[in-house]
Amino acid sequence: MLRLLRHIAGGIGDIFSGIRAAFASRQVRFLIALTGLLIAGASVFYHWVEGWGWIDAIYFSVITISTVGYGDFAPQTAIGKLFTSGYVLCGLGLFVTTATAIGDSIVRRADHRTDKE
């Protein structure tokens, strides 16, 4: 039981260590900033064009780029629908690239710890 708890604690430590390492990378910080900028730009668009409040606009921008898409919001204007199509096509690749870079950092940390054991 104690061995299992140590293993779990080591895994959690690997996750936090990997996230810290990811944020230390200039490339990852750039990807995160670019993703944030894209979400912010989309949020401004939805706020002004669709007339949504800021929280709803940010929420929709995040759930759309992450492909969660609960379906509780949808653009009603033609320009909003066209923008969303482009936003998904461009944003999805950026979002996946950012998430992959962070995930790779976490896995590298876990592999490094496993190699030491």
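Because the structure is predicted, anything quoted here is derived from the model rather than measured.
- A donor-acceptor contact shorter than 3.5 Å links the side chain of Ser85 to the backbone of Lys81.
- No chain of hydrophobic side-chain contacts below 4.5 Å, direct or via other Ile, Leu, Val, Met, Phe, Trp or Tyr residues, connects Val44 to Phe95.
- Residues Ile39 and Phe30 fall within the same hydrophobic cluster, defined by Ile, Leu, Val, Met, Phe, Trp and Tyr side chains chained together at heavy-atom separations under 4.5 Å.
- Contact record, Ser105 with Ala22: OG-N, 3.2 Å, taken as the closest heavy-atom pair.
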Would Phe83 and Thr77 count as a side-chain contact (heavy atoms from CB on, under 4.5 Å) if you check the C-alpha gap in whole Å, the side-chain angles of each, and the deciding distance to 0.1 Å?
CA-CA 10 Å; Phe83 175 83; Thr77 64; over 6 Å; no

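- Among all heavy-atom pairs drawn from Thr67 and Leu92, the shortest one is CG2-CD1, 3.3 Å.
- Note on ring orientation: taking the six-membered ring where Trp is involved, the planes of Tyr46 and Tyr87 are perpendicular (angle over 60°, cut-offs 30° and 60°).
- Side-chain heavy atoms closer than 4.5 Å link hydrophobic residues (I, L, V, M, F, W, Y) into clusters, and following such links, even through other members, never connects Ile55 to Ile65.
- Cluster annotation: Val68 and Val96 are assigned to distinct hydrophobic clusters (Ile/Leu/Val/Met/Phe/Trp/Tyr, side-chain heavy-atom contacts under 4.5 Å, transitive).
- When all heavy atoms of Ala101 and Val28 are compared, the pair lying nearest together is CB-CG2, 3.8 Å.
- Among all heavy-atom pairs drawn from Phe60 and Pro75, the shortest one is CZ-CD, 3.7 Å.
- With rounding to the nearest 0.5 Å, the separation of OG1 in Thr98 from CD in Gln27 is 9.5 Å.
- Smallest separation of non-hydrogen atoms from Ser66 and Val62: OG-O, 2.9 Å.
- Ring geometry, Trp54 versus His47: the interplanar angle falls under 30°, so the pair is classed parallel (tilted spans 30 to 60°).
- Note that the CG atom of Leu89 and the CG atom of Leu94 stand 13.0 Å from one another [nearest 0.5 Å].
- Summarising the geometry of Gln76 relative to Glu50, their closest heavy-atom pair is N-OE1, 2.8 Å, with the distance given to 0.1 Å.
- Side-chain contact between Ile32 and Ile102: present, with at least one pair of heavy atoms (C-beta onward) separated by less than 4.5 Å.
- No single ILVMFWY cluster, assembled from side-chain heavy atoms under 4.5 Å apart, contains both Val88 and Tyr59.
- Between Phe73 and Ile63 there is no side-chain heavy-atom pair separated by less than 4.5 Å.
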